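A short worksheet on the structure shown next.
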Amino acid sequence: MASLCPLTLICIFAFSLSIAHSKTLKRDVKALNEIKASLGWRVVYAWVGDDPCGDGDLPTWSGVTCSTQGDYRVVTELEVYAVSIVGPFPIAVTNLLDLTRLDLHNNKLTGPIPPQIGRLRRLRMLNLRWNKLQDVLPPEIGALKRLTHLSLSFNNFKGEIPRELANLPELRYLYLQENRFTGRIPPELGTLQNLRHLDVGNNHLVGTIRELIRIEGGFPVLRNLYLNNNYLTGGIPAQLANLTNLEILYLSSNKMSGSIPSALAHIPELTYLYLDHNQFSGRIPDAFYKHPFMKELYIEGNGFRPGVNPIGAHKVLELSDTDFLV
């Protein structure tokens with residue numbers, strides 16, 4: 001074993017040397033220098049030199065991650081957030097074809113997401129929340145087959161939620177809340193076999209839950225369903241209990257009505273159920289009060305019979321940034 005050590009060290013040294021002397025792909029150098037030169041991105045003061053992957057004594061640009069592929073270095077991650085970047089979404093980003101993570105959240109980006117976004121076929125995480133982006137979502141997002149995390153919340157997107165999002169087989173977390181989406185939530189989203197979290201709250205959506213879950217066997221692993229603060233109507237269908245992995249069901253501030261089906265109380269790990277500020281009536285089945293996991297049942301602002309009581313103290317549930325990590 002000892003005789004192999006010098007050879008191993010030589011190999012490691014040679015590999016490290018090859019990385020150090022690898023050239024960054026011109027395509028990626030050009031794309032990031034175009035971004036750097038644009039007025040709104042001059043706040044990225046740590047981008048020194050011309051090579052985003054570092055050159056000689058100059059380090060890799062802040063927020064840029066590179067890896068070696070063959071004889072070249074390519075940009076695989078771009079994470080520049082909370083630095084007050086202004087201006088339109090940088091189309092040059094869509095030339096970084098090896099990107100796996102794109103995180104530009106909490107900036108001041110405006111305008112639409114360009115259809116060229118569909119070129120980033122290796123992207124796994126796209127986080128653009130807390131910007132001022134607008135217009136309709138391009139259906140080309142449906143070409144990002146490896147995407148697992150998509151956060152477009154807290155922007156000004158409008159129009160319908162594109163059905164093409166159902167073409168993302170690896171998608172686990174979908175955040176579309178706090179926008180201006182209209183129309184119905186595409187029931188095709190139920191075909192996403194890995195979707196755990198769906199948040200479309202605080203939009204202008206219409207329709208019913210029955211329409212949303214009409215595909216048999218839909219939403220097989222969904223844990224968190226946020227439909228709050230929209231214009232949904234109709235009742236809660238007993239078939240919703242077929243979503244056996246649900247832990248959070250947030251229906252607050254819609255126009256829903258009818259009674260609460262006892263079948264919901266048989267969802268094994270249902271923990272938070274928010275029914276407040278709708279038009280529900282009748283009574284709450286006793287099974288909810290005996291549920292071993294139920295921490296909060298919020299019912300204010302409905303037409304329930306006298307004596308119907310809430311469970312727990314209402315609070316707004318938000319996921320932290322760590323919950324969004326791939």
Side-chain angles (χ1 to χ4, degrees), residues 112-113 128-129 132-139 141-142 150-168 171 173-192 195-219 222-243 246 248-261 263-264 267 272-282 298-304 316-318:
I113 296 176
L128 300 175
R129 74 180 187 271
K132 297 181 179 181
L133 295 165
Q134 56 198 51
D135 215 336
V136 299
L137 292 186
I141 287 183
L150 177 58
S151 180
L152 304 175
S153 53
F154 297 94
N155 280 285
N156 294 308
F157 293 116
K158 65 180 182 179
E160 295 189 351
I161 297 172
R163 285 179 169 79
E164 287 80 3
L165 293 180
N167 297 334
L168 305 176
L171 195 63
Y173 297 89
L174 178 56
Y175 300 84
L176 300 176
Q177 73 269 25
E178 296 283 352
N179 280 287
R180 299 177 182 178
F181 290 118
T182 57
R184 287 170 163 76
I185 307 165
E188 291 86 352
L189 295 179
T191 65
L192 295 172
L195 189 64
R196 302 175 185 176
H197 183 101
L198 174 59
D199 192 342
V200 295
N202 285 280
N203 280 287
H204 305 291
L205 299 167
V206 298
T208 67
I209 291 181
R210 186 177 300 277
E211 293 170 340
L212 177 60
I213 63 170
R214 71 185 185 197
I215 295 177
E216 187 175 354
F219 300 106
L222 191 66
R223 297 177 184 174
N224 308 325
L225 180 57
Y226 287 67
L227 304 175
N228 55 291
N229 295 84
N230 282 291
Y231 298 98
L232 302 183
T233 55
I236 300 177
Q239 293 88 337
L240 188 60
N242 293 333
L243 278 59
L246 270 186
I248 299 173
L249 179 57
Y250 210 153
L251 304 178
S252 304
S253 299
N254 279 285
K255 297 180 179 297
M256 300 183 66
S257 59
S259 59
I260 308 303
L264 282 191
I267 299 177
Y272 300 96
L273 177 57
Y274 293 154
L275 306 173
D276 57 288
H277 298 95
N278 279 283
Q279 300 167 19
F280 294 121
S281 58
Y298 201 55
I299 60 175
E300 183 183 73
N302 283 288
F304 291 118
V316 176
L317 295 176
E318 296 287 352

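Fair warning: this is a prediction, and the values are worked out from it, not measured in the lab.
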Worksheet, complete the sentence: Hits for side chain to side chain contact (heavy atoms under 4.5 Å, CB included) against L212, two or more places apart or cross-chain, chain-then-number order -> I185, F219, L227

Worksheet item: Heavy-atom distance under 4.5 Å between the side chains of L165 and I141, does that happen here?
Response: yes

Worksheet item: Which residues satisfy the side-chain hydrogen bond (donor to acceptor under 3.5 Å, both in side chains) test with R163, sequence neighbours excluded?
Response: E188

Worksheet item: For S252, does its backbone N or O pair with a side-chain atom of D276 as donor and acceptor, under 3.5 Å?
Response: no

What pairs of donor and acceptor atoms, side-chain ones from residues 233-240 against any protein atom, are under 3.5 angstrom apart with sequence neighbours left out?
none

Practice prompt. Would you please name every residue forming a side-chain hydrogen bond (donor to acceptor under 3.5 Å, both in side chains) with Q279, sequence neighbours left out?
Written response: none

Discussion item. I'd like to check L152 versus F157 (side-chain heavy atoms, cut-off strictly below 4.5 Å). Are they in contact?
Written reply: yes

Worksheet item: Can you list every salt bridge (Lys or Arg N to Asp or Glu O under 4.0 Å) pair that touches residues 222-237, not counting sequence neighbours?
Response: none

Worksheet item: How are the rings of Y274 and Y250 set relative to one another: parallel (under 30°), tilted (30 to 60°) or perpendicular (over 60°)?
Response: perpendicular

Practice prompt. Any chance you could measure N156, atom CG, to N179, atom CG, to the nearest 0.5 Å?
Written response: 7.0 Å

Worksheet item: Any donor-acceptor pair under 3.5 Å linking the side chain of N203 with the backbone of L176?
Response: yes

Worksheet item: Who are the side-chain hydrogen bond (donor to acceptor under 3.5 Å, both in side chains) partners of E211, not counting sequence neighbours?
Response: R184

Worksheet entry | Rounded distance [0.5 Å steps], CG in L137 versus CD in E164 | 10.0 Å

